[in-house]
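Report on the following structure.
Residue numbers run from 1 in the order of the sequence given. First listed ligand is number 1; within each ligand, the first listed atom is number 1.
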Amino acid sequence: MKSVVVGTAGHIDHGKTALVKALTGIDADRLEEEKRRGITIDLGFAHLDLPGPGGELLRLGFVDVPGHERFVRNMLAGVGGIDVVLFVVAADESIKPQTREHFDICRLLSVQRGITVLTKADTVDAETLQVVRLEVEDFLRGSFLDPSTSPIVAVSSLRGAGIEELKQALVSVASQIEARDSTAIARLPVDRVFTMKGFGTVVTGTLISGTVTKDAELEVFPGGQRVRVRGVQVHGAAAERAVAGQRTALNLAGVSTGELTRGMMLAPPSLFRSAFSIDVKLSLLHSARPLKDRARVHFHAYTCESIATVNLFDGIKLDPGETAYAQLRLNVPTVLLPGDRFIIRQFSPVVTIGGGVVLDATPQAGKAKKEERLPFLQSMESGSPEQVLRARVRHRGKSGLALGAAVSETGWTREKLQAAVEVLLQNKEIVSAGDLLISSEDFQTAAQEMQLAVKTFHDANPLVAGIGKEQLRERLDLSPEAFEAVVDDLVKGAKLEVRADQVRVAGRGVVMKDEEAESKRIIETAFASAGLRVPALKDVLAGLKVDRARAQKIVTLLLRDKILVKVSEDLVFHQEALSGLRQRMAAEKAKSPRMDVARFKDLTGVTRKYAIPLLEYLDREHVTRRVGDERIVL
Ligand SMILES: Nc1nc2c(ncn2[C@@H]2O[C@H](COP(=O)(O)OP(=O)(O)O)[C@@H](O)[C@H]2O)c(=O)[nH]1
Ligand SMILES: [Mg+2]
């Protein structure tokens, strides 16, 4: 079963609503006011199942739009998700202003296919009908509704003439339509919100991609609320799921109608971020006035609308009929994806002046430099999935692109993303680091920078074994995953070594000059031979040939390598003396676990000045535990 959404378009009073009724039996003018005034104000909906050419069922969902110029914004909210347009021209009036405007909108939104319907055929004679047909054919030539490829059907909705022919044309066009991807990530632009007795909050919309099942959890954008799908309806009947291309109603738990409005988007949770800036390719209609850089316009995409500022990448204005890359800054954040279409309307008076395609809906701040941006946008516009992914990875530089970010930037499923990743990995164009993808080029650059940084550090700090990992990472401005991947790579390549969270050039120890090495030996020996009756550190250092600063560095080195151990602010011991002490304590425990200061002094031969800090050290090391004035040897 294939689901296709059919939208009407055309000037007011040209018979759109009557046509939908003739096809489906449903009056899409559902509002009281619409029925009273006999005009369509907001979107109306209807549906029809028809047998397809191979006997399979075609489900046609209809979106009937208002033709009045005052309600074009409502028309725009409905036309965003349609696959096929019924382009309506009344035989007694021919082409009128909203005929043109709606046609421009369908063209700018890249509606795939359509059927031109000459309505009210019963109100004119055959000759007039022929004249109008020729006029309309002229108007359509060269467009997506070119008469050589798209049918033109004359009907009388009131009398039924031509309706069967139109249904056949619909079946034929609908079966040629490429079905929307039901395996892609679900997105439902909300077009109606209401409360239903006994159900609660209900939203409707045209499901533009993916599948929504009963009990699914969804996120509301841009609000961020989490909702649960309590029930699904498709074409007015309860269903287990709705798939792309279906008119869909969802009964939602976890949200009130007050929190929802037309223009919001429902999608699976935590995948997307709504953005205020989007990079686009923008076309201006021939009928428009030149559009100045920084001009304000009305922006429409699917059901959402916002004021937007147009920032042209190139030049100070866009001329009628021209196309250019631009960044749009929106007042209302939206979730859009590359490939989504939009319309812009003049700020005042409000008329449709252009539209285009979204190329990047997550432009990064500070990346607006034209030289970098333009080639990137060109890849976004016409690249294969691999080219798009490569450009996106390259764009992130040495920080890399996380897989999750790749999904939210492209809207691709994990499978589609993974396929492109495999190709790029095989071609060695990218490197994968945990959850990150980094271009091979940037990875190499980062590796070179890292080697240089470590070497520079060694040169500046000959007495330190290596640079701390975190310090190195910050110096290189790498994300933790990218940093680890680069370090691993250099360690594997025997370029770097990592010891105790320090990174150093492979094979490089601390480089000491002769007198430094001698000083180190002197310090070590002084403490090793002193046992527990250690000399004052400053006295040892005073006797060295090296200056104070360097002597201090040597001590730091000995402390770091745990050859010397600091027991209190001014007492330093050799580690051998301390491990000897631990052994003696263990032996004493066998005699009696109780140890007071006097017994400790007898045992070690040290004065009270040393005994107290040593005992406190043993407490800290959990060799002893203080109980009152005594210690228990543990
Ligand atoms: N004679 C005749 N009248 C029609 C036909 N289709 C629509 N109408 C009338 O034209 C008027 C406007 O039709 P409607 O469907 O509301 O136009 P919309 O504004 O395009 O939706 C109504 O009075 C309809 O009854 C038709 O095929 N023949
Ligand atoms: Mg109508």
Quiz item: Given the protein's heavy atoms, is any one of them under 4.0 Å from atom 24 (C) of ligand 1?
Solution: no

Just distances here: any N/O of [X] and N/O of ligand 1 closer than 3.5 Å?
| X | result |
| --- | --- |
| Asp29 | no |
| Ala121 | no |
| Asp122 | yes |
| Gly15 | yes |
| Thr123 | no |
| Thr119 | no |

Is any NZ, NE, NH1 or NH2 atom of the basic residue among [X] and [Y] found under 4.0 Å from an Asp or Glu carboxylate oxygen of the other?
| X | Y | result |
| --- | --- | --- |
| Asp340 | Arg187 | yes |
| Lys96 | Glu69 | no |
| Asp83 | Arg113 | no |
| Asp49 | Arg59 | yes |
| Glu217 | Arg228 | no |
| Asp42 | Arg192 | no |
| Arg30 | Asp64 | no |
| Asp360 | Arg392 | yes |

Exercise. Please verify whether a non-hydrogen atom of Leu158 lies at under 4.0 Å from ligand 1.
Key: yes

Quiz item: Does Gly67 come within less than 4.0 angstrom of ligand 1, counting non-hydrogen atoms of the residue?
Solution: no

Quiz item: Under 3.5 Å, is there a donor-acceptor pair between the side chain of Thr413 and the main chain of Lys416?
Solution: yes

Quiz item: Short list, please: which atoms of ligand 1 are under 4.0 Å from a heavy atom of Ser156?
Solution: 27 (O)

Quiz prompt | Residue among Leu43, Asp191, Leu188 satisfying side-chain contact (heavy atoms from CB on, under 4.5 Å) with Thr204 | solution = Asp191

Practice problem: Can you spot which of Lys16, His102, Lys120 makes a side-chain contact (heavy atoms from CB on, under 4.5 Å) with Val88? | Solution: Lys16

Quiz item: Taking the six-membered ring for Trp, are Phe221 and Phe272 parallel (under 30°), tilted (30 to 60°) or perpendicular (over 60°)?
Solution: perpendicular

Quiz item: What is the ring orientation for His298 with Phe347, classed by angle as parallel under 30°, tilted 30 to 60°, or perpendicular over 60°?
Solution: parallel

Give the residue, atom name and distance (to 0.1 Å) of the protein heavy atom nearest [atom].
| atom | answer |
| --- | --- |
| atom 18 (P) of ligand 1 | Lys16 N, 3.5 Å |
| atom 5 (C) of ligand 1 | Lys120 CG, 3.6 Å |
| atom 27 (O) of ligand 1 | Ser157 N, 2.8 Å |
| atom 6 (N) of ligand 1 | Ala18 CB, 3.6 Å |

Exercise. Quick one: look at Asp13 and ligand 1, take heavy-atom pairs under 4.0 Å, and tell me if it's side chain, backbone, both or neither.
Key: both

Quiz prompt | Heteroatoms of the protein, restricted to N/O/S, which lie under 2.8 Å from the Mg ion (ligand 2) | solution = Thr17 OG1, Thr40 OG1

